[in-house]
Amino acid sequence: MSRLTPITEREQVSGDALIAFDAIIESRGRINGPQSMHMYAPEVARWSTALSDSLRFNSDLSEHDTELAIITAAREMDCEFVWAAHAAASKVGVRPEAIETVGNKASLEDLTSEEAVIVRYGRETLGDHNLSQEAFDAALGQFGERGTIVLG
């Protein structure tokens, strides 16, 4: 239950907040989840949505790799909203076994080597707060410098 009233309708905002509201609607088609709270600080809402869109839709990572990274981040951060919103990652080709491994924080042994690079990178950076040189090198080899930055 929200402690603040979610801002999801245009009538709830005025002034400069309308610019942020309209930008999010243009991007997402609606205001939901985090954006409905971010709208209390409209510039935060606008720029965080723009950053999210850039990482999701304008990066060099495939949809598959992006969704696997998102669900890994969601699980490592215990973010149920994002997990639920992206757990249908199989729609973009993420194998059910990979989703289950991420969801259960299970061993990486049932993942392909490419999947394991993404999940390990996410687990180390977000769960352990310490990225090993081995995990970094694997991501760099798989995604290059630009993709590794987007992955992180």
Side-chain angles (χ1 to χ4, degrees), residues 1-106 108 111 114-131 135-136 139 142-152:
M1 179 172 177
S2 297
R3 294 179 181 175
L4 298 173
T5 301
I7 297 175
T8 59
E9 302 296 328
R10 198 168 197 274
E11 297 76 32
Q12 292 174 273
V13 297
S14 61
D16 291 341
L18 289 168
I19 295 168
F21 189 93
D22 292 343
I24 295 168
I25 293 296
E26 183 178 332
S27 165
R28 306 287 169 98
R30 62 191 165 117
I31 304 283
N32 63 5
Q35 292 86 16
S36 72
M37 293 296 120
H38 290 164
M39 280 304 301
Y40 280 94
E43 285 302 301
V44 170
R46 184 170 154 223
W47 291 112
S48 66
T49 299
L51 175 60
S52 175
D53 288 352
S54 180
L55 292 170
R56 282 185 66 198
F57 306 121
N58 299 318
S59 79
D60 294 340
L61 299 181
S62 69
E63 281 185 287
H64 169 278
D65 293 348
T66 297
E67 286 298 318
L68 185 56
I70 289 170
I71 64 171
T72 300
R75 184 51 63 225
E76 290 302 309
M77 301 297 290
D78 294 322
C79 185
E80 290 303 319
F81 177 84
V82 174
W83 174 262
H86 292 272
S90 60
K91 292 180 182 177
V92 295
V94 179
R95 296 178 318 116
E97 298 87 351
I99 296 169
E100 184 175 328
T101 294
V102 170
N104 295 326
K105 294 187 178 184
L108 304 180
L111 299 180
E114 291 82 9
E115 292 167 339
V117 167
I118 295 167
V119 175
R120 180 176 180 194
Y121 192 96
R123 285 180 176 178
E124 288 189 14
T125 57
L126 297 170
D128 301 338
H129 308 290
N130 186 24
L131 181 63
F136 175 79
Q142 187 166 319
F143 298 109
E145 292 171 343
R146 183 175 167 152
T148 300
I149 291 298
V150 171
L151 185 61

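Predicted, not measured: the structure shown is a model, and the values here were computed from it. Each residue takes its place number in the sequence, starting with 1.
Surrounding CG of Asp128 are more than 12 heavy atoms belonging to other residues, nucleotides or ligands, all under 6.0 Å away. In Arg146, the CZ atom is not crowded: 12 or fewer heavy atoms of neighbouring residues, nucleotides or ligands sit closer than 6.0 Å. Other residues, nucleotides and ligands contribute at most 12 non-hydrogen atoms within 6.0 Å of the CD atom of Glu63. When the shell of 6.0 Å around CD of Glu100 is examined, it contains 12 or fewer heavy atoms from other residues, nucleotides or ligands.
A side-chain donor-acceptor contact under 3.5 Å links Gln12 to the backbone of Pro6. Listed for the Thr72 side chain is a donor-acceptor partner under 3.5 Å among the backbone atoms of Leu68.
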Can you list the steps and then say if Arg28 with Ser52 is a side-chain contact (heavy atoms from CB on, under 4.5 Å)?
CA-CA 11 Å; Arg28 306 287 169 98; Ser52 175; 3.1 Å; yes
Working for side-chain contact (heavy atoms from CB on, under 4.5 Å), residues Lys105 and Glu76:
CA-CA 8 Å; Lys105 294 187 178 184; Glu76 290 302 309; 3.8 Å; yes
Kindly indicate, with the supporting measurements, whether the criterion side-chain contact (heavy atoms from CB on, under 4.5 Å) is fulfilled by Tyr40 and Ile7.
CA-CA 8 Å; Tyr40 280 94; Ile7 297 175; 3.8 Å; yes
Checking Arg56 against Ile70 for the side-chain contact (heavy atoms from CB on, under 4.5 Å) test, could you report, in this order, the C-alpha distance in whole Å, the side-chain angles of both residues, the deciding distance, and whether it holds?
CA-CA 9 Å; Arg56 282 185 66 198; Ile70 289 170; 3.9 Å; yes
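Considering CD of Glu114 and CG of Asp65, their distance stands at 8.5 Å, rounded to 0.5 Å. Rounded to the nearest 0.5 angstrom, Ile31 CD1 and Met39 CE are separated by 6.0 Å.
Taking all atoms of both residues into account, the shortest heavy-atom contact from Leu151 to Ala139 is CD2-CB, 4.2 Å. Residues Leu61 and Gly147 share a closest heavy-atom pair of CD2-O, 4.1 Å. Listed here is the closest heavy atom pair of Pro42 and Ala20: O-CB, 3.2 Å.
A salt bridge does not link Arg30 to Glu9: none of the charged side-chain nitrogens sits closer than 4.0 Å to a carboxylate oxygen.
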